[in-house]
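We count ligands from 1, going down the list as the structure has it; atoms in each ligand are counted the same way. Hydrogens, waters and symmetry mates are skipped; everything else that's a heavy atom, side chains included, is used.
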Amino acid sequence: MVSVLGRLEVDSRRLVMELVRLAMFSDGVEEAGAEAVDGVAVTRVVFGPADGAARGMVEELAREAGLSVRSDAVGNTFFCWEGTEAGLAAVATGSHIDAIPNAGMYDGTVGVLGAIAAVRALKGSGFQPRRSIEVILFTSEEPTRFGIGCLGSRMLAGVLSSWDAVKLRDQDGLSLEELRVEAGFAGELGEVQVKPGSYAGFVELHIEQGPVLEREGRQIGVVTAIAAPASLRMRVEGEGGHAGAMLMPVRRDALVAAAEIIQAVESAALATGAQDTVATVGMCDVFPGAVNSVPSRVELSLDVRDIELERRDGVLQAIFAACDEVASRRRVKVKREWVNADAPSGCAPEVIAAVESACTAEGVRARRMVSRAYHDTLFMARICPVGMVFVPCLGGVSHRPDEFVAEAEIAAGVRVLARVLAELSSRV
Ligand code: GLV
Ligand code: MN
Ligand code: MN
């Protein structure tokens, strides 16, 4: 740990006010869908009006902190604090500011605004980085618009090629290509991938999104690995008809078949007996969707994750077998389309060690843990050593308006992040 680092003053009051201000940039949700709970409901879809305004606010704060600003063709934005030694690979941090429909105000944003606050604290302490420190605002970590998560970091790491990226369209048929240009991001998508060796390390500050830290009264989670998500679209095709006239024995009801598949998804995940295996059907579109019509077609989303690739793929095979069985017994068709099947990423021992030393220096209670949610770090791990710093959230709640992180917890996370950045950026 660098001994040159003086006392770190984090203005956590200011940071919380900034998080609240950022939360005001929301696309809004339909009243009928909103849950009646405490908290601010945030929906911020990439390249929408709220996303543009929120990006503007972050950019202003970064400039105020003395950082230079640059964006790539997909809208990843880099806020840079120049190091004293030119030519060395930078150390990066950052996260995302897009938010799924009816989300909370801390997921991702703590890692972006918190990183700027960490830079302010480091500057305030008189620290000078040897390697440049970059705060990255990644485009579209959430899959809301284009169906694929971590779009910006995926492209930056070269995991999604520009050939595949140009094929992406949102639900209204608008292409990534036209939307990103309209949002003001010029240049070639082929240039988003960074050159090998661009980064010496990456560390992301994020809320835990689970209950472990709070339950154990710990302030920091030191992430050791990030789960591997696999995601598919499934379509069940049966036969529709009149809900009164079509007799039960001859029905090929697509929704009843889909219901059995959904149950099989749950059973397959539970059958591993591992708490790191999770499987979710989060979307279900029924066609034609009329009270007096037998469903002829159902579209389902499937999301399966695990920290162990083989176990996750075993769950997928069990689900596919169940789909085949349901299809033949109920005389329906089940079609599958892959969205992505990413491999898990381990965090680098040297970054884990830097996070743990920072926790010791700050006197915070920490524990090692895995991340079952995915993050941009999953893709940064393909190009440099990575780590993550988790802070607890109330009740483990996330992706909901009542997501909440206490000011003191955010402050501890920012202080730990600042120390890790100081350490990594001082290394030769
Ligand atoms: C990210 O938001 C995830 O779904 O893990
Ligand atoms: Mn999220
Ligand atoms: Mn997130």
**Student:** Among protein heavy atoms, which sits nearest to atom 5 (O) of ligand 1, and what does the distance come to when rounded to 0.1 Å?
**Tutor:** R305 NH1, 2.6 Å
**Student:** Under 3.5 Å between any N/O of E142 and any N/O of ligand 1: does that happen in this structure?
**Tutor:** yes
**Student:** Any heavy atom of E141 closer to ligand 1 than 4.0 angstrom?
**Tutor:** yes
**Student:** Is any side-chain heavy atom of L174 less than 4.5 Å from a side-chain heavy atom of E182?
**Tutor:** no
**Student:** Using heavy atoms and a threshold below 4.0 Å, how should the contact between R372 and ligand 1 be classified: side chain, backbone, both, or neither?
**Tutor:** neither
**Student:** Could you tell me if the side chain of V370 sits less than 4.5 Å from the side chain of D276, heavy atoms only?
**Tutor:** yes
**Student:** Are the side chains of E423 and V420 in contact, using a 4.5 Å heavy-atom criterion?
**Tutor:** no
**Student:** Go through ligand 1 atom by atom and flag the ones less than 4.0 Å from a non-hydrogen atom of A373.
**Tutor:** 5 (O)
**Student:** Return a yes/no value for Q209: is any of its N or O atoms, backbone included, closer than 3.5 angstrom to an N or O of ligand 1?
**Tutor:** no
**Student:** Please say which of F202, F138, F390 ends up in a ring pair (Phe, Tyr, Trp, His ring centres under 6.0 Å) with H375.
**Tutor:** F390
**Student:** Report yes or no: is the cationic atom of R336 (NZ for Lys, CZ for Arg) under 6.0 Å from the centre of the six-membered ring of F320, at an angle within 45° of the ring normal?
**Tutor:** yes
**Student:** Strictly by side chain to side chain donor-acceptor pair (under 3.5 Å), give each pair with a member in residues 404-413 just once, sequence neighbours left out.
**Tutor:** S12-E407, R13-E407
**Student:** Please examine the side chains of R218 and P392, heavy atoms only from C-beta on, and report whether any two atoms are closer than 4.5 Å.
**Tutor:** no
**Student:** Do side-chain atoms of T77 reach the backbone of G75 as a donor and acceptor pair under 3.5 angstrom?
**Tutor:** yes
**Student:** Can a non-hydrogen atom of H375 be found less than 4.0 Å from any atom of ligand 1?
**Tutor:** no
**Student:** Which distance, rounded to the nearest 0.5 Å, do you find between the CD1 of I226 and the CG of L378?
**Tutor:** 5.5 Å
**Student:** Among the protein atoms near the Mn ion (ligand 2), how many are N, O or S and lie under 2.8 Å away?
**Tutor:** 3
**Student:** With atoms numbered from 1 as shown, which atoms in ligand 1 lie under 4.0 angstrom from a non-hydrogen atom of H399?
**Tutor:** 2 (O)
**Student:** Any side-chain heavy atom of V339 within less than 4.5 Å of one from L232?
**Tutor:** no
